Amino acid sequence: MRSLLAGVCLLMAGMGMSAAGAEQAKPASLDVKQLMQNLGHVKVAKGTFVERKYMSILSTPLELSGTLIYTAPGHLEKHTLLPKPESMVLEQDKLTLENKTKNQRRTVVLQEYPVIWAFVEGIRSTLAGDLPTLSKFYRVSLDGNVNQWRLQLVPVESDMRAVVDEIHISGSKNWVRTIEIIESGGDRSVMTVTEDAS
Amino acid sequence: MSRWAIGLWLAFIVACIFVISRTEFSTDLSAFLPRSPTPAQQVLVEQLREGVVSRLILVGLEGATPEILANTSKQLAAQLRTQADFVSVNNGEHVGEDKDHDFLWKNRYLLSPAITPAHFSVAALRNSLEEALQLLGSPAGTLVKKILKDDPSGELIRLLEQLEGQARPAMQEGVWFSKEGKRALLVLQTKAAGYDIDAQESAIAVIQSTFARVAGHDTSVQLQLSGPGVFSVSTRERIKGDAWRFSLIATVLIACLLLLVYRSFRVLILGLLPVASGALAGIAAVSLGFGSVHGITLGFGATLIGEGVDYAIYLFTQIAPSVAPKTTFKRIWPTLRLGVLTSICGFSAMLFSGFPGLAQLGMFSIVGLIVAVTVTRWVLPALLPQGFTARAVTSVAPTVMALVKRAPVLRIPLLLLVASAFVVLIVLSQRGPLWSDELSSLSPLPKADQLLDEQLRNDIGAPDVRYLIVVNAKDAEAALQASENIAVVLGQMTIKGALQGFESPATYLPSLQMQRVRQAALPTTEVLRENLQLALRELPFQPDLFKPFLENVAQAKTQPLSTRSNLQGTNLALKLDSLLVKRAHGWAAMLSLRGVTDPEAITREIAKLPGPQAIMLDMKYESDQLYQTYRHGALTFSMLGGIAIVILLFANLRSPRRVFEVLAPLAAAVIIVTCVLVLNGHMLSIFHLVGLLLVVAVGSNYSLFFDRPCDTSEDRERMLVSLLFANIATMIGFGLLSFSHVPLLKAIGSTVGMGAILSLVFSAILIVRQENKPIEKAKSKV
């Protein structure tokens, strides 16, 4: 788990961190506001996920699956069960990573790792319907209607843009169905979330 | 006879001036820290003087919003990075880490502790690849995949992990901040060593002017500086300022006093002669005895002026009309000599206290007093105008006599006061310690500076280095090899839970021997290719993905070994330099330990290692020990000083009753002064203890004169008036020091200043001599 952060460190250094101030997002349309309001009404959500990662260095895509738990306003848990158990818990500005098989546990303060922060905030702020925070990291635009909507997030910070081209989040009403991350090098990952029957 | 005396005196003064002209003056703070007895502590003191630690300047910015502070921090750092005075400027921005990562990347197969022949077996490679795959599935995968083809066994990540785990400041707006977000933080390292105060001063000036430029007319942001260099500079300023100011003010005030009393410039000059001679002799003696003279010693000169002028005052004031000065002196000489001797006993305690600085003060005072009294005794009488007599005596005497006559009325109230002060002290000592137990109480730094430093250090997250393993070796290679052996033991102890982690210089630069071992452990390209192929079976990596890995390992097998010069310009070099130090003889490696729970076990285990002896240091224990040793020493010497004074009094007065009467007012003064200090919230330090001994040493002069039988009432009048003036002079000398910004001078000044007045007043109250009667007779005649 710790290696994850070390990797991030390395990358950030390689890119030469710059500290451009956050650009102002475009004035959000009424639709985005409406969607955010709808999403903001969700207090607790549980689901299972399947995530496929398509990478140029791999001959076949990587598939991970597990469960997601969201509690308003900002608590998010991702428990990967397959192929190897691993869990991430996001609470306020702290991300705790745990690998039970290796008995490793590590807490990260998001402010120290801007790229990871941008990643997790893209998803958490969307779930929380927190447009101001989301706009701090991304230019937000919206397609579709209430039953079938698709948010497009484009990073504003150059550090993040060097890693991620776009994030697409699509869903129906106040449920997020898929999260697609398109990376700068052409790799991408798609996560599909299904609501728990209970 | 007197011509000879004057000639000798002049020759002596010339010799003193010659010595002083060749004297070096220092303001080195370590003079007021105890001398370090153990070799390991020696290493630390050296580090404090010139090591990396001594070159750090901590900068705090506060007083504005986090955005403004962060912006100021970035601009300040950017501009300071272009200045030659600083080796590094760190504010949390990831500037300069490229070089670190470049070094780690290029040397990863020489640096990684995981490199053994088994590390590249099929099974081990398979394991590494599976881990890599899992990492690709995590959010970090995006980042890790870029280096995977070169480094599938994860050496770089392993190295980065090793360097992590050190406490770091919190981040806000991309720069370091204190936890609560009120203060932006920077850590600078100066090119110059900490003891090079001139260079430190110019570095500080650069910071201040750059800050002023960056802040512009926005005055809300405040700049705070701390660190050894900053302290050295500010202390030098303070000492310089205090030494000159107090000596000058004391001279002027005492000159005014003399002028007021004797109304003669000639007598004024004569009065200052003994003191000036004493001061010159004192400085010359310290210079010869210690090699250099500390600024604080010069500051202490003010007390010598106050104390040394007393002798001239006794002489001038007690000369009766139409009596030759020499005759007067013969009369007062026994008492005066005894007074000087008791003072010397007191100052001797400082001479033997174990603090080079305090010992200087002791020697300065002793030599100064001896010379002052000698000049008063043998030179002054010859220079005094014929028929000299002090006019002020006649005007002040009646009042003084009246007061002294009535003073004994206060005996009972005084006894009650002393008794209650005693009770207060006992009650307070039950509640908490009256004595400071911290070594920092000896620090010549004001409390506020110490507090700011502590806060900044906390904010930076610099771990309190409590446990340190120090190993001395003949060269850097041997020191690094020893560190590697120790690291193996510490690694095992970490798993057992005896400590949480440690930092070793060999982490940043392994010994050449270790690098060769690792190089030899790298497999040939053929073997590696074969093992990799087997390990990759059924894993989803693209074929030929790891070709760069094969090339990198092949290259690493023959690459030149890395040395200190390869680290030049990296942050890692700074870390290495703080842990691997060149000493006068050989090199020392230091390993700092974190989260130690079982120091005994660690001490035991490292003692078993062959090779150079490693010492485990518990800094807190050592410094507590050190302080206790010195407090014990100071107590012992103060006691011996006190006992010497009592013996001296017995030998001269030959009457237990008189000894008791001479000492009673002094004891009362010591108790009251202690009580006042404690009630004012002071934690008593060694310096206060020395001050209390000086109260006895100086105060005994007064009580001895009170005790001395006088032939006539006029003599007694003159004696009392001379005591009054002498006391005022002493009070000016010591009292001024209580306004000093140097804690040592302040502690001694306030203690002795207060004690001197009380000794005089209490002597008047407690010592009643029969010679009072002749005065009444004299008056009734009128």
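Chain naming here is simple, since letters A, B, ... match the order of the sequence lines and numbering starts at 1 in each. Everything quoted here is computed from the prediction, not taken from an experiment.
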Next item on the list: Evaluate whether atom CZ of A/R52 has more than 12 neighbouring non-hydrogen atoms of other residues, nucleotides or ligands under 6.0 angstrom away.
Entry: no
Notebook entry, point to check: Less than 4.0 Å between a side-chain N and a carboxylate O, is that true for B/E131 and A/K84?
Noted result: no
Next item on the list: Select one option (side chain, backbone, both, neither) describing which atoms of B/L104 are under 4.5 Å from chain A's heavy atoms.
Entry: neither
Note to self: Is it true that, when you exclude A/Q148 itself, more than 12 heavy atoms of the residues, nucleotides or ligands shown sit nearer than 6.0 Å to its CD?
What the structure shows: no
Notebook entry, point to check: Are more than 12 heavy atoms from other residues, nucleotides or ligands located less than 6.0 Å from atom CD of B/E180?
Noted result: yes
Note to self: Using heavy-atom distances under 4.5 Å, tell me whether A/T80 contacts chain B through its side chain, its backbone, both, or neither.
What the structure shows: neither
Check: Would a 4.5 Å heavy-atom cut-off, applied to side chains only, mark A/M55 and B/Q542 as touching?
Finding: no
Next item on the list: Could you tell me the separation between the CG atom of B/L136 and the OG atom of A/S189, rounded to the nearest 0.5 Å?
Entry: 12.0 Å
Checklist line | Part of A/I57 within contact of chain B (heavy atom distance under 4.5 Å) | finding: both
Note to self: Heavy-atom cut-off 4.5 Å, strictly under: side chain, backbone, both or neither for A/L58 against chain B?
What the structure shows: both
